[in-house]
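Chain A is the first sequence line, chain B the second, and so forth, proteins listed ahead of strands; every chain is numbered from 1.
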Amino acid sequence: MNTLTTKTVRVEALARVEGEGAFYVKVREGKVEDAQLRIYEPPRFFEAFLRGRSYAEAPDITARICGICPVAYQMSAVHAMEAIFGVRIEGPLRELRRLLYCGEWIESHVLHMFMLHAPDFLGYADAIQMAADHPNLVLQALRIKKAGNDIVALLGGREIHPINVRVGGFYRIPKRREWSRIVEELKWARDVMIDLVKWTGQLPFPEFTQQYEFVALRHPQEYPFNEGRLISNRGLDIPVSAFEEFMVEEHLPHSTSLHARIKDRGAYFVGPLARYNLNFDRLSPAAQEAARAAGLGPTCNNPFQSIIVRGVETLYAIDEALRILEDYPEPDAPSVPYEVRGGVGHGCTEAPRGILYHRYMLDDNGMIVSACITPPTAQNQATIEADLRAFVEPRAHLPLNELTWQCEQAIRNYDPCISCATHFLRLNIEGA
Amino acid sequence: MATKRKPRLAVWKFASCDGCQLSLLDCEEELLAVVEQVEIAYFLEASRAVVEGPYDLSLVEGSITTPTDIERIREIREASRFLVAIGACATAGGIQALRNFGDVREFAAAVYAHPEYIETLKRSAPIAEHVFVDFELRGCPINKHQLLEVIAAYLHGRKPNIPTYSVCIECKLRGTPCIMVAAGVTCLGPVTQAGCHALCPAYGRGCFGCYGPMETPNTASLMAWWCRQLGAAPETIVRALRTYNAGNEVFRKESEAYEYAHD
């Protein structure tokens, strides 16, 4: 029997996440001494080179922060600019923006659920190995993912870095008849997704419920995509424009990286689990029903079960897309007019991985003076590290291989997007 | 041959958004067919299984921006029979090559509280600046069908069939009326390499150059047209040429010609 008193769980290059990261957890005498999610992806300085660019370029340029969730960057950027110009996008154009977001949620969530996360539960290194034993599962997932991508490709022009989003609306509105094949695919996807959510419910979940402060948008009627107030389960209730007053970065003694925290309170949690806990009542009846059938109540505090929640949100996004496509009100014009003026604007929308905040200052000609972008993974980093500490301690006796894989899985619960987080992180990490 | 094994495919990432390697996973209908033909030996975004090199085909995404990157790309080159750079970051330095026109220390200070901890090179460089590259697949992002063509070509020992003509040809093939002539919209299509199927003009906006310059572009002439016929200001031209392929020499030189222009 091994009686080591110190043990280090370490992965130098995390797999099945977007971008390049590593983690290590140090255990001494059964106690976790340190837990770090390290980001070594090189910085790209987006906020620096946005200065001097036109407001109109921000949606396309910031999309390049992340190839997985470019729509989220485009949505947060256009809403921030529209806030400065005093434009509100209503009616059909607003619906179409929700539709575009549905497409991104579907493709991103299904990618994570079945290509990145499910292999952990079933003990495969990847979805390709999983496909050998579960071909139908992987083929169905790929087809649903494609339905999401098809929405983004038609309305956005292409799946990755769409070209059709602009301040004020779109460049071109696809005709109703162009959607007919996609509608049929979505109807198929809806039925299959109901079964797949149930399937996620029977996966083996570790006992791991934690007390979190969940933060998400909340809208009076809708499950949130583009609009709402920022709320939490511990009383936060602020407009998006107050984000920087309440969310701060703190320097912690245990780590050399800065962590996003709620002022005077601590780490918080954004993403599907946060949205679900704060907006269960806004889900479609079918999505609520699917959650119940998978064994989830209206709240869920086990991040390993986020795979169920992603399934529920995927089903919601399919429902919502079908609802929008059923009426499909073609707007009179692809975009609304606005007058460029200077000022400061804030945008915060629900990226697949959680709230994505943008703030821009423009001069009177609409040129960007300063920009601030806070992606979801950067906000979750402190929570991920807290999870690692809490998760490892009672499992420190496990063989290193097994523990390492389980830690990876605990990180993948958050679907971390390190490409996004990187430009935000203020330093590289000790000894990496 | 003594043993016949599947060719080994590796996917590597440097400074980038992950979008180009995601294109491989976005080949939803073809993905399983591809993995029947190759062994995915290294593809961290998709798998925690890692097979040791050498690799028959390495796809490299991202640009070189740190001293460690330089060492790593050399090792990858050593371990790869063919190396294909995919996307604007790997072929031109990407949007992050905008640092090449500024002061990277000032950039770091603008974004990071402790710029002294940021280890970064002054320039964001394409892969070919550091190692020999067998083929460059352009685009921000790349076209997934072109990616499949490149993989198929290397599996069969032939050259990829990737057109190097301009976006204009694709507009004609698609039947899109010239947006610059008909609507007076500035468009980089005449000097930009095809590959996107002339997407932007079909959606009513001018091409913004995701695929970088075409073969033998007359960028000076197009920009003169933008100025005279469309009334584009010099600073508009500089910005238009300085996006995802800003680091490409053709676009860089032309942008510099307008940088200090006075109207």
Side-chain angles (χ1 to χ4, degrees), chain A residues 13-20 41-49 51 53-54 57 60-61 64-68 70 107 111 115-116 125-129 131 135 138-139 142-143 145-146 149 157-161 163-164 166 171-172 249 256 258 334 405 408 417 419 423 425-428, chain B residues 13-23 25-26 28-29 31-32 35 40 43-50 65-66 68-69 94-96 98-99 101-102 104 106-114 117-120 124 140-141 143-144 196 199-200 202-205 208 210 236 239 243-244:
Chain A
L14 266 171
R16 281 189 270 123
V17 299
E18 290 94 11
E20 309 218 301
E41 171 120 2
R44 294 194 288 151
F45 308 114
F46 274 83
E47 283 118 324
F49 59 66
R51 297 170 303 169
R53 305 297 298 210
S54 161
E57 296 178 287
D60 291 318
I61 291 180
R64 267 67 181 184
I65 292 174
C66 179
I68 326 290
E107 67 84 14
L111 171 76
M115 306 292 115
L116 312 183
D126 55 47
I128 293 155
Q129 291 185 16
V138 174
L139 286 170
L142 285 169
R143 189 167 158 194
K145 177 172 170 301
K146 185 169 190 317
N149 264 335
R158 60 185 172 201
E159 302 94 323
I160 302 170
H161 304 331
I163 53 88
N164 196 24
R166 67 188 298 182
Y171 289 90
R172 178 183 95 91
E249 297 140 21
T256 50
L258 288 175
W405 193 333
E408 287 180 48
C417 184
S419 301
H423 89 281
L425 279 176
R426 308 290 149 152
L427 11 128
N428 69 358
Chain B
K13 177 178 156 48
F14 291 86
S16 67
C17 77
D18 257 33
C20 289
Q21 54 176 315
L22 181 68
S23 301
L25 295 176
D26 273 354
E28 288 104 354
E29 284 157 336
L31 184 63
L32 296 182
V35 301
I40 306 274
F43 186 10
L44 267 193
E45 184 174 350
S47 179
R48 72 193 294 276
V50 173
T65 63
T66 70
T68 328
D69 287 352
I95 185 80
Q96 57 273 19
L98 289 178
R99 76 171 66 173
F101 301 92
V104 73
E106 190 275 327
F107 269 34
V111 180
Y112 297 92
H114 289 277
Y117 291 104
I118 299 292
E119 194 181 56
T120 190
S124 168
C140 183
N143 173 326
K144 65 182 179 186
C196 61
L199 190 57
C200 286
Y203 274 71
R205 72 181 290 193
F208 55 101
C210 299
T236 307
R239 286 204 312 275
T243 60
Y244 320 104

Participant: Do you know which of B:S124, B:C196, B:C140, B:A202 has the most heavy-atom pairs under 4.5 Å to chain A?
Facilitator: B:C140
Participant: With a 4.5 angstrom heavy-atom cut-off, is it the side chain or the backbone of B:T68 that approaches chain A, or both, or neither?
Facilitator: neither
Participant: With a 4.5 angstrom heavy-atom cut-off, which part of B:E29 approaches chain A: side chain, backbone, both or neither?
Facilitator: side chain
Participant: Do you know which two heavy atoms are closest between A:A125 and B:A49, and how far apart they sit?
Facilitator: CB-CB, 3.7 Å
Participant: Between B:T65, B:I95, B:V35, B:N143, who has the most heavy-atom pairs with chain A when the cutoff is under 4.5 Å?
Facilitator: B:I95
Participant: Contact part of A:L14 toward chain B, heavy-atom cut-off under 4.5 Å: side chain, backbone, both or neither?
Facilitator: backbone
Participant: Using side-chain heavy atoms (C-beta onward) and a distance below 4.5 Å, is A:D126 in contact with B:I40?
Facilitator: no
Participant: Report which part of B:F43 has an atom under 4.5 Å of a heavy atom belonging to chain A: side chain, backbone, both, or neither.
Facilitator: neither
Participant: So for A:I128, is it side chain, backbone, both, or neither that comes closer than 4.5 Å to the heavy atoms of chain B?
Facilitator: side chain
Participant: State, yes or no, whether a side-chain contact exists between A:F45 and B:L98 at a heavy-atom distance under 4.5 Å.
Facilitator: no
Participant: Treating B:R205 as the side-chain partner and A:I163 as the backbone partner, does any N or O pair qualify as donor plus acceptor under 3.5 Å?
Facilitator: yes
Participant: Measure the spacing between CG of B:L22 and CD of A:E107 and express it to the nearest 0.5 Å.
Facilitator: 6.5 Å
Participant: Find the distance between CG (B:D26) and CG (A:N149) and round it off to the nearest 0.5 Å.
Facilitator: 4.5 Å
Participant: Could you tell me which of A:R16, A:K146, A:R64 has the largest number of non-hydrogen atom pairs under 4.5 Å with chain B?
Facilitator: A:R64
Participant: Please give me the minimum heavy-atom distance between B:L199 and A:G157, naming the atom from each residue.
Facilitator: CD1-O, 3.3 Å
Participant: Distance check, rounded to the nearest 0.5 Å: B:C17 atom SG versus A:I68 atom CD1?
Facilitator: 7.0 Å
Participant: Name the member of A:H161, A:R158, A:Q129, A:R51 that forms the most heavy-atom pairs with chain B at distances under 4.5 Å.
Facilitator: A:R158
Participant: Which region of B:F101, side chain (C-beta onward) or backbone (N, CA, C, O), has a non-hydrogen atom less than 4.5 Å from a non-hydrogen atom of chain A, or is it both or neither?
Facilitator: neither
Participant: What closest approach, in Å, do B:G19 and A:I160 show between heavy atoms, and which atom pair accounts for it?
Facilitator: O-CD1, 3.1 Å
Participant: State, to 0.1 Å, how close A:K145 and B:L25 come at their nearest heavy-atom pair, and which atoms those are.
Facilitator: NZ-O, 3.3 Å
Participant: Roughly how far, to the nearest 0.5 Å, is CZ of B:R239 from CD1 of A:I61?
Facilitator: 9.0 Å
Participant: Please classify the contact of A:A131 with chain B as side chain, backbone, both or neither, using a heavy-atom distance under 4.5 Å.
Facilitator: side chain
Participant: State the SG-CG distance between B:C210 and A:D60, to the nearest 0.5 angstrom.
Facilitator: 8.0 Å
Participant: Chain A heavy atoms under 4.5 Å from B:A46: which part of the residue, side chain, backbone, both or neither?
Facilitator: backbone
Participant: Assign the ring pair A:F49 / B:F107 to parallel, tilted or perpendicular, where the plane angle (0 to 90°) is split at 30° and 60°.
Facilitator: tilted
Participant: Looking at B:T66, B:L44, B:V50, which makes the most heavy-atom pairs under 4.5 Å with chain A?
Facilitator: B:L44
Participant: If I take atom OG from residue B:S47 and atom CG from residue A:L116, how far apart are they, to the nearest 0.5 angstrom?
Facilitator: 10.5 Å
